[in-house]
**Student:** 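Here's a structure for you.
Only this structure's heavy atoms are used, side chains among them; waters, hydrogens and symmetry mates stay out. In this chain, residues are counted from 1 in sequence order. Small disclaimer: the values here were computed from a predicted structure and weren't measured.
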Amino acid sequence: MTLEQAVPDTSTPPAPAARWSLLQRGWPPAVAIAAAIAAWWLATTVLAPSQSLLRETTPVKVAKALVDLYNRGVLLPDAGVSLWRLLVGLLVGAVIGIPAGLLIGLNDTADRATRPVVQFLRMISPLSWAPISVALFGIGNQPVIFLIAAASVWPILINTAAGVHAIDPGYLQVAKSFGATRIERLTVVVLPAIRGHLQTGLRVALGIAWVVLVPAEMLGVRSGLGYQILNARDQLAYGQVVAVIVVIGVIGYVLDLAARRALSGSRAA
């Protein structure tokens, strides 16, 4: 027996097997999407009364409205503005939530003192702050970013604090016995240990912020996907309303998918 015969073949599987594996993974979501579109067509074309506005939201008319929005040059710029507001709001939430979560997690006194306030504030809907945000910042990007930050700060803060609480105290004691300063214990022990909790908090915050973004963009701004929904509604263009809703759902799905892939890849590393 030769060496080549003795060593098992660990090369990439044949192309037909790889295609079959891809087909097995891909057909369930493909069938689910096709069933959802079929139910959508049935509800808006067959079951809806002839004078109902649902007749304006059939898949074909929504697809035409989507093409029209793209050709008018408003879809991509508005999506870009919405994503920019989302990113800035998330950054503000992270800048506030991560240090606050570290403080609460590392200091028992701060944890006991802030727990009632944190639990009280996080149970308030971020959209409840809309009138106050407009009164403080006026009309424009600032109130939208404020509402996104108010929605995203709590998952980041709570997951950061939970990650610190989950650290074995022995690790911190060992670092302290070796003469590590507080900054060194924070950077060498705490931050690497809470990476998983922090990433989970950021992913949850991303989903909540994206949901809050659209109604927040209905506060008088003149751009963004939320504004496009209001604009289309005022024109009674319900096909465009549903078209923007579809875009919002697709972008949200892609954002969550990217966050999930980044989270799984980081944990594997």
Side-chain angles (χ1 to χ4, degrees), residues 82-129 132-133 136-137 141-176 180-213 216 252 254-269:
S82 294
L83 289 172
W84 176 79
R85 291 169 179 154
L86 177 76
L87 177 61
V88 175
L90 278 175
L91 287 176
V92 173
V95 167
I96 297 173
I98 294 175
L102 290 172
L103 176 62
I104 292 172
L106 292 171
N107 191 301
D108 290 337
T109 302
D111 186 14
R112 291 194 301 270
T114 59
R115 187 175 303 168
V117 177
V118 169
Q119 296 300 325
F120 171 77
L121 290 176
R122 79 181 187 90
M123 297 306 294
I124 300 175
S125 170
L127 296 177
S128 301
W129 300 103
I132 298 176
S133 65
L136 288 175
F137 303 105
N141 291 324
Q142 290 85 353
V144 178
I145 293 172
F146 172 83
L147 293 177
I148 295 172
S152 61
V153 66
W154 305 117
I156 297 173
L157 186 153
I158 292 172
N159 277 275
T160 302
V164 176
H165 287 148
I167 298 175
D168 188 344
Y171 293 145
L172 294 173
Q173 292 296 331
V174 169
K176 188 176 181 180
T181 64
R182 289 186 177 182
I183 298 299
E184 289 173 338
R185 293 198 298 269
L186 179 66
T187 57
V188 176
V189 178
V190 175
L191 291 180
I194 69 170
R195 184 177 64 178
H197 285 81
L198 182 56
Q199 290 171 334
T200 301
L202 288 171
R203 181 188 171 194
V204 174
L206 173 64
I208 295 175
W210 184 247
V211 172
V212 170
L213 170 67
V254 172
L255 289 174
D256 183 73
L257 179 62
R260 187 166 67 248
R261 292 286 178 87
L263 178 60
S264 61
S266 177
R267 284 179 176 175

**Student:** According to the salt bridge (Lys or Arg N to Asp or Glu O under 4.0 Å) rule, which pairs have a member within residues 149-162, sequence neighbours left out?
**Tutor:** none

**Student:** With sequence neighbours excluded, what pairs up with Val153 under the side-chain contact (heavy atoms from CB on, under 4.5 Å) test?
**Tutor:** Ile96

**Student:** Can you name the side-chain contact (heavy atoms from CB on, under 4.5 Å) partners of Leu103, sequence neighbours left out?
**Tutor:** Asn107, Ala110

**Student:** Applying salt bridge (Lys or Arg N to Asp or Glu O under 4.0 Å), which residue pairs with at least one partner in residues 89-102 are found, sequence neighbours left out?
**Tutor:** none

**Student:** Mind listing the closest non-hydrogen atom pair of Ala161 and Ile104 along with its distance?
**Tutor:** CB-CG2, 4.2 Å

**Student:** Not counting sequence neighbours, which residues clear side-chain hydrogen bond (donor to acceptor under 3.5 Å, both in side chains) with Arg203? List them please.
**Tutor:** Asp256

**Student:** Enter the distance from Leu106:CG to Ile167:CD1 here, rounded to the nearest 0.5 Å.
**Tutor:** 7.0 Å

**Student:** Only pairs under 3.5 Å count here: list side-chain donor-acceptor contacts from residues 86-94, not counting sequence neighbours, and write none if there are none.
**Tutor:**
none

**Student:** Filter on salt bridge (Lys or Arg N to Asp or Glu O under 4.0 Å), then keep only pairs touching residues 146-156, sequence neighbours left out; what's left?
**Tutor:** none

**Student:** One pair to check against side-chain contact (heavy atoms from CB on, under 4.5 Å): Phe137 and Ile145. What are the steps and the verdict?
**Tutor:** CA-CA 10 Å; Phe137 303 105; Ile145 293 172; over 6 Å; no

**Student:** Distance check, rounded to the nearest 0.5 Å: Leu191 atom CG versus Thr160 atom OG1?
**Tutor:** 9.5 Å

**Student:** Going through the checks in order, is the side-chain contact (heavy atoms from CB on, under 4.5 Å) test met by Leu198 and Arg195?
**Tutor:** CA-CA 5 Å; Leu198 182 56; Arg195 184 177 64 178; 5.7 Å; no

**Student:** CG of Leu121 to CE of Met123: how many Å apart, nearest 0.5 Å?
**Tutor:** 11.5 Å

**Student:** Using the test side-chain contact (heavy atoms from CB on, under 4.5 Å), find all partners of Glu184 that sit at least two apart in sequence or belong to another chain.
**Tutor:** Ala180, Thr181

**Student:** Which heavy atom in Phe146 sits nearest to a heavy atom in Ser133, and how many Å separate them?
**Tutor:** CD2-CB, 3.4 Å

**Student:** Test of understanding: with side-chain hydrogen bond (donor to acceptor under 3.5 Å, both in side chains), list the residues that count as partners of Ser82, not counting sequence neighbours.
**Tutor:** Glu217

**Student:** Who pairs with Ile158 by side-chain contact (heavy atoms from CB on, under 4.5 Å), at least two apart in sequence or on another chain?
**Tutor:** Arg122

**Student:** Please give me the minimum heavy-atom distance between Gly201 and Asn159, naming the atom from each residue.
**Tutor:** CA-ND2, 3.5 Å

**Student:** Ala162 and His197: which non-hydrogen atoms are nearest, and at how many Å?
**Tutor:** C-CD2, 4.1 Å

**Student:** Which residue pairs pass the salt bridge (Lys or Arg N to Asp or Glu O under 4.0 Å) test when at least one of the two sits in residues 87-114, sequence neighbours left out?
**Tutor:** Asp111-Arg115

